Amino acid sequence: MATTECPTTRRAELFVRSDLPQASEKRLDAVEVGLEKLARRGVLDDYERTEWEKRIPISGDGHRPERERFNEFAEWANERGACLAPFFDTRWCYSDETGERRKELVLPVLCLAVYEDGELARVAPFAEDGTPTSLGACLAELATETAMDAGTATPTTAD
């Protein structure tokens, strides 16, 4: 019997508000240290940091990567019976550009998305059955996993 490996990739993307409040900078540092540790242990293959706006219009013609990400996260939440509110919220705001009132999506200060083999596997923060799961809890859950649990290399046998 020959042994083959079926690689699985796991990467994380950390979303950070472009106008990060100063009080959140220490939290960001701790999260990035945690991601680095997970990468060194082989639980994550890679991670990256992406900045996003504090809020974006709910609708409009312009391409908004934040809106696309929210839609992806909302689909993930719906599939598992979870909820992204109150971490992602909608509010009536005044547009700086037009001076008009419009409905906007307010994004969390920090948000983590974990992809396994290119598919969204986790988002934090979120709530399920009324119980919130923080970004810290998501990192702690990942920290309990080993590189083999993460699927970086799964040995199989072939005839």
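Note that the structure is predicted; figures quoted are calculated from it, not measured. Residues: numbered from 1 along the sequence shown.
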Would you give the length of the straight line joining atom [atom1] of [X] to atom [atom2] of [Y], rounded to the nearest 0.5 angstrom?
X: T90; Y: R55; atom1: OG1; atom2: CZ; answer: 13.0 Å
X: D117; Y: T8; atom1: CG; atom2: OG1; answer: 4.5 Å
X: E13; Y: T50; atom1: CD; atom2: OG1; answer: 3.5 Å
X: T131; Y: F126; atom1: OG1; atom2: CZ; answer: 9.5 Å
X: E66; Y: C111; atom1: CD; atom2: SG; answer: 12.0 Å
X: S59; Y: R67; atom1: OG; atom2: CZ; answer: 7.0 Å

Side-chain contact test, heavy atoms from C-beta onward, threshold under 4.5 Å: evaluate it for [X] versus [Y] and give yes or no.
X: E75; Y: E79; value: yes
X: L105; Y: D89; value: no
X: L142; Y: R10; value: yes
X: R41; Y: L38; value: yes
X: T9; Y: E116; value: no
X: R11; Y: V114; value: no
X: F88; Y: P108; value: yes

Task: Over 12 non-hydrogen atoms of neighbours within 6.0 angstrom of CD in E119 - done: no
Are [X] and [Y] in one and the same hydrophobic cluster, where Ile, Leu, Val, Met, Phe, Trp and Tyr link if side-chain heavy atoms are under 4.5 Å apart?
X: L120; Y: L84; answer: yes
X: V16; Y: L112; answer: yes
X: V109; Y: L35; answer: yes
X: L14; Y: Y115; answer: no

Open item on the list: Using a 3.5 Å distance criterion without hydrogens, assess whether the side chain of S24 forms a donor-acceptor pair with backbone atoms of R27.
Closed with: no
Task: Sidechain-backbone polar pair: W76 side chain, V123 backbone, donor-acceptor under 3.5 Å - done: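 No; zero donor-acceptor contacts below 3.5 Å.
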Task: All ring-ring contact (aromatic ring centres under 6.0 Å, His included) counterparts of F15, not counting sequence neighbours - done: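 With neighbours one apart ignored, the set is W52, F73.
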In plain terms, say whether [X] and [Y] are close enough for a salt bridge, that is, a side-chain N and a carboxylate O under 4.0 Å apart.
X: E145; Y: R122; result: yes
X: R102; Y: E104; result: yes
X: R17; Y: E51; result: no

Quick one: closest heavy-atom pair of [X] and [Y], and the distance?
X: A85; Y: A127; value: O-CB, 4.3 Å
X: T144; Y: E141; value: OG1-O, 2.6 Å
X: A77; Y: C83; value: CB-N, 4.3 Å
X: S134; Y: A124; value: O-CB, 3.8 Å

Open item on the list: For Y47 and E32, which I'm curious about, is there any donor-acceptor pair between the side chains at under 3.5 Å?
Closed with: no
Open item on the list: The criterion is side chain to side chain donor-acceptor pair (under 3.5 Å); which residues satisfy it with R91, sequence neighbours excluded?
Closed with: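 Listed in chain order: nothing, the list is empty.
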